[in-house]
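For clarity, every value in this text was computed on a predicted model and none was experimentally measured. The residues of the chain are indexed from 1 along the displayed sequence.
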Amino acid sequence: MDTVAVHPDHQHQGLGRALLTEAQARARALGMVTLDAWTRDLPGTLRWYRAMGFIESDHYLHVYANYYTEPGEPDRAIGSRRRRLKPMAALLHARLDEEQQLRSEFARIHVLPPVRANTLNSGLL
């Protein structure tokens, strides 16, 4: 799952819970048995996902390579270019042990803990 977001003016009214409940129902209908949510390491966000029955799994790095941040970043991220294609941005995952090196190469690095529902068939969801 990529994003569950509610405008600040409408938070704390159960809308996020309703969106997540619908996403879970659709995932179940497609035969999925787990649901991962990829989120930044923000205390409020993690608290909400925990309250929704998710647990944290392994942390990892989110690396944003963006031409508009620094023109050479996308090329460094992909290694080599395809003819007539100009990379403008790349979103990459990396291991935590690579953080120091990647921070020297890219402007935007976030440490992320994915949160995972144990199962879409559990009583938690």
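Rounding to the nearest 0.5 Å gives a distance of 10.5 Å between CD of Q11 and CH2 of W48. Note that CD of Q24 and CZ of R17 are 10.0 Å apart. Values are rounded to the nearest 0.5 Å. The distance from the CG atom of N66 to the CZ atom of R108 is 7.5 Å, given to the nearest 0.5 Å. Note that the CG atom of L15 and the CD atom of Q13 stand 5.5 Å from one another [nearest 0.5 Å]. Expressed to the nearest 0.5 Å, how far CD1 of I109 lies from OH of Y64 amounts to 10.5 Å. To the nearest 0.5 Å, the span separating CG on L102 from CG on L92 amounts to 8.5 Å.
Contact check for Y68 versus M88: side-chain heavy atoms found under the 4.5 Å cut-off. Residues V111 and L96 have side chains in contact (heavy-atom distance under 4.5 Å, counting atoms from C-beta outward).
Between R76 and E70 there is a salt bridge, with a side-chain nitrogen of the basic residue lying less than 4.0 Å from a carboxylate oxygen of the acidic one.
Listed here is the closest heavy atom pair of A5 and L19: O-CD1, 3.9 Å. Across all non-hydrogen atoms, the minimal contact from A65 to A77 is CB-CB, 3.7 Å. Between L20 and F54, the closest heavy-atom pair is CD2-CE1, 3.7 Å. Taking both residues in full, the closest heavy atoms of G16 and V4 are given as O-CG1, 4.0 Å, listed atom of the first, atom of the second, then distance.
Annotation for Y67: atom OH does not count as buried by contact number, only 12 or fewer foreign heavy atoms lying within 6.0 Å.
Between the E105 side chain and the E73 main chain, no donor and acceptor come within less than 3.5 Å of each other.
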